[in-house]
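First the structure, in the form of structure tokens, and then the observations on it.
Note that these values count all heavy atoms, side chains included, but never hydrogens, waters or copies made by symmetry. Source: prediction; values computed, not measured.
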Amino acid sequence: MPDTEKEFTMENLLKEALAMQDWLIDTRRTLHRIPEPGNEEIKTSQAICAQLDALGIPYTRIGTGVVGLLEGARSGRCIALRADMDALPIEEPQDRPYASQHPGYMHACGHDAHMTIALGAAKLLARRRHEFSGSVKFLFQPAEETTGGAKPMIEAGCLENPHVDFVLGLHVIPELPAGQIEVKPGPFYGASDNLEIRIKGKSSHAAYPEQGIDAIVAASAVVQMLQTIVSRSISALDSAVITIGKIQGGTRSNIIASEVVLTGTIRTLSEQVRKFIGASVEEVCAHTAAAYGASSEVHISPSYPVLVNDEAATEFVRQTAIQVLGAPNVHLRQKPTLGVEDFAYYLRERPGAFWHLGCGKHPPLAADSVGSISAGATAALHSPDFDIDESCLPIGVALQASTAMRWLLDI
């Protein structure tokens with residue numbers, strides 16, 4: 001057996017990760033105090049670069065993004081570990097000693113934990129760079145919550161020089177307790193499309209509606225008819241959502257509105273359904289508006305694609321996790337979510353896997369409840385009360401580092 005395989009054991013990596021607990025907590029809290037919005041992660045980037053400098057890991061910058069490159073003893077394959085960096089425009093309660101110092105912004109989606117785990121994995125793997133062939137890239141990516149920072153990172157070459165062969169990402173979730181994870185092969189997160197619909201009528205006095213074309217009435221019918229696309233034109237075995245989240249129209253209470261603007265989102269889990277719904281929305285809007293004498297303009301702006309995990313890569317992560325945590329702590333998720341994740345862009349370019357790391361502070365929910373907040377779970381992601389059980393940090397470090405080492409050593 002090669003010496004490298006004798007030196008590396010996942011048990012050793014877990015022990016080393018657990019010994020880093022205080023450092024991981026301090027790092028996470030430092031990042032938690034300086035939340036920044038997408039593409040404005042200046043202080044965050046500086047903090048990450050300082051950590052990589054301390055580890056002797058060279059890096060390049062892509063906007064506010066940072067790409068670290070850890071090279072092994074010999075040339076070989078390359079694996080990438082991604083961590084998103086941006087925060088949310090949420091005001092955090094100030095009753096925590098590590099609360100946000102940036103008014104109006106908060107790490108309410110756990111990206112501070114994701115960065116900390118990537119830095120912890122970098123620290124573990126840097127100690128063992130003499131043991132493996134190939135290299136590890138650390139992709140600290142901006143703007144996951146807004147414009148989809150993964151795409152410009154890829155376009156700028158983050159998956160090349162050296163060529164990335166395998167990519168891993170994770171997300172903390174409060175629905176599972178710290179110490180447990182879940183994986184899912186195939187479609188995991190949905191695609192999203194931004195929707196804007198303009199219904200155009202004709203203004204008149206409210207007392208004489210026959211002289212106008214009421215855009216509000218037509219728009220109301222459009223909202224109702226859009227729901228029939230999912231309920232009557234999509235197979236019950238396919239998942240899709242059309243949500244109108246905002247309606248704007250009218251000028252005064254006694255004037256028939258000449259225009260209404262509807263904005264919303266379309267969520268799907270396959271490109272075929274995505275294209276079908278896009279065409280159906282235009283058709284339904286045109287015909288429904290026409291039935292009321294109005295007209296419609298539909299603008300659909302594609303956003304994140306479906307996140308599809310490579311089946312072999314997902315099984316590789318699952319088997320690694322079973323060896324590190326034990327089978328009872330590794331869950332195979334049955335259903336995808338219609339939430340979105342721009343890690344999907346990486347998976348369109350390279351095989352890889354995205355998985356969930358439990359960060360809850362309470363006993364686990366029933367298996368069929370995972371994916372929705374209920375009694376016994378911590379506050380939801382994107383909530384001002386969201387926080388993590390920080391004991392999840394070394395678990396994430398050990399799993400990312402162990403998966404990377406197993407893959408680089410081909411064991």
Side-chain angles (χ1 to χ4, degrees), residues 37-40 88-91 103-106 108 143 145-148 190-236 238-269 271-305 338-340 372 380 382-384:
N39 294 316
E40 298 179 29
L88 289 161
I90 293 175
E91 189 71 37
Y105 287 92
M106 175 192 173
E145 299 285 359
T146 52
T147 57
S192 65
D193 295 302
N194 300 315
L195 177 62
E196 180 184 278
I197 303 166
R198 291 183 178 271
I199 304 298
K200 297 185 176 183
K202 178 183 176 183
S203 181
S204 70
H205 195 286
Y208 311 106
E210 74 280 6
Q211 296 179 6
I213 298 173
D214 196 330
I216 288 178
V217 172
S220 299
V222 165
V223 171
Q224 296 294 318
M225 290 300 296
L226 286 174
Q227 302 310 308
T228 67
I229 296 175
V230 173
S231 66
R232 287 295 175 266
S233 298
I234 301 295
S235 168
D238 290 323
S239 296
V241 169
I242 302 174
T243 295
I244 299 298
K246 186 177 179 181
I247 300 177
Q248 292 176 293
T251 55
R252 294 177 62 88
S253 61
N254 63 343
I255 298 176
I256 297 293
S258 63
E259 183 173 287
V260 173
V261 179
L262 312 172
T263 53
T265 184
I266 302 170
R267 302 293 176 97
T268 51
L269 283 171
E271 286 300 319
Q272 181 180 3
V273 172
R274 188 181 194 183
K275 291 177 181 178
F276 176 83
I277 286 184
S280 296
V281 165
E282 293 195 19
E283 185 177 5
V284 164
C285 289
H287 291 173
T288 305
Y292 289 83
S295 62
S296 67
E297 292 180 3
V298 176
H299 301 280
I300 298 175
S301 304
S303 186
Y304 301 172
L338 283 172
V340 298
S372 61
H382 292 214
S383 160

### Query
Backbone N or O of P37 within a donor-acceptor pair of the Y105 side chain at under 3.5 Å?
no

### Task
Kindly write out the residues that satisfy ring-ring contact (aromatic ring centres under 6.0 Å, His included) with H299, not counting sequence neighbours, or none if the list is empty.
none

### S303: partners by side-chain hydrogen bond (donor to acceptor under 3.5 Å, both in side chains), with sequence neighbours left out
S192

### Task
Please check if the side chain of R267 supplies one atom and the backbone of G190 the other of a donor-acceptor pair under 3.5 Å.
no

### Query
Pairs in or reaching into residues 212-236: which pass ring pair (Phe, Tyr, Trp, His ring centres under 6.0 Å), with residues at least two apart or in two chains?
none

### Task
Please report the closest heavy-atom contact between G201 and A294, naming both atoms and the distance.
CA-CB, 4.4 Å

### Heavy-atom closest pair, residues S383 and I90
N-CD1, 4.5 Å

#### Entry: Spacing of CD belonging to E196 relative to CD belonging to Q248, to within rounding of 0.5 Å
9.0 Å

### salt bridge (charged side-chain N to carboxylate O under 4.0 Å, His left out) pairs, two or more places apart, involving residues 292-304
K200-E297

### Message
Strictly by ring pair (Phe, Tyr, Trp, His ring centres under 6.0 Å), give each pair with a member in residues 208-233 just once, sequence neighbours left out.
### Response
H205-Y208

Got a list of side-chain donor-acceptor pairs under 3.5 Å for residues 251-263, not counting sequence neighbours?
residue : atom : partner : partner atom : Å
E259    : OE2  : R198    : NH1          : 2.7

### Message
Once rounded to the nearest 0.5 Å, what's the spacing between atom OG1 of T146 and atom CG of N39?
### Response
6.0 Å

### Query
So which pairs with a foot in residues 274-285 pass side chain to side chain donor-acceptor pair (under 3.5 Å), sequence neighbours left out?
D193-R274, E271-R274

### Task
Supply the atom-to-atom distance I234 CD1 to I242 CD1, rounded to the nearest 0.5 angstrom.
7.5 Å

### Message
Just verifying a value: how many Å separate T243 OG1 and I266 CD1, rounded to the nearest 0.5 Å?
### Response
10.0 Å

### Task
Kindly determine whether V273 and L269 satisfy side chain to side chain contact (heavy atoms under 4.5 Å, CB included), including the steps that lead there.
CA-CA 7 Å; V273 172; L269 283 171; over 6 Å; no

### All ring-ring contact (aromatic ring centres under 6.0 Å, His included) counterparts of Y292, not counting sequence neighbours
none

### Query
Checking side chain to side chain contact (heavy atoms under 4.5 Å, CB included) for the pair V241/T265: CA distance, chi angles, key distance, verdict?
CA-CA 8 Å; V241 169; T265 184; 5.8 Å; no

Which donor-acceptor pairs under 3.5 Å do the side chains of residues 209-221 make with protein atoms, sequence neighbours left out?
residue : atom : partner : partner atom : Å
D214    : OD1  : I216    : N            : 2.9
D214    : OD1  : V217    : N            : 3.3
S220    : OG   : I216    : O            : 2.8

### Set of salt bridge (charged side-chain N to carboxylate O under 4.0 Å, His left out) partners for E91, sequence neighbours left out
none

### Summary
Hits for side chain to side chain contact (heavy atoms under 4.5 Å, CB included) against S235, two or more places apart or cross-chain, chain-then-number order -> L237, D238

### Task
Give the intermediate values and the outcome of side chain to side chain contact (heavy atoms under 4.5 Å, CB included) for residues L226 and C285.
CA-CA 8 Å; L226 286 174; C285 289; 4.1 Å; yes

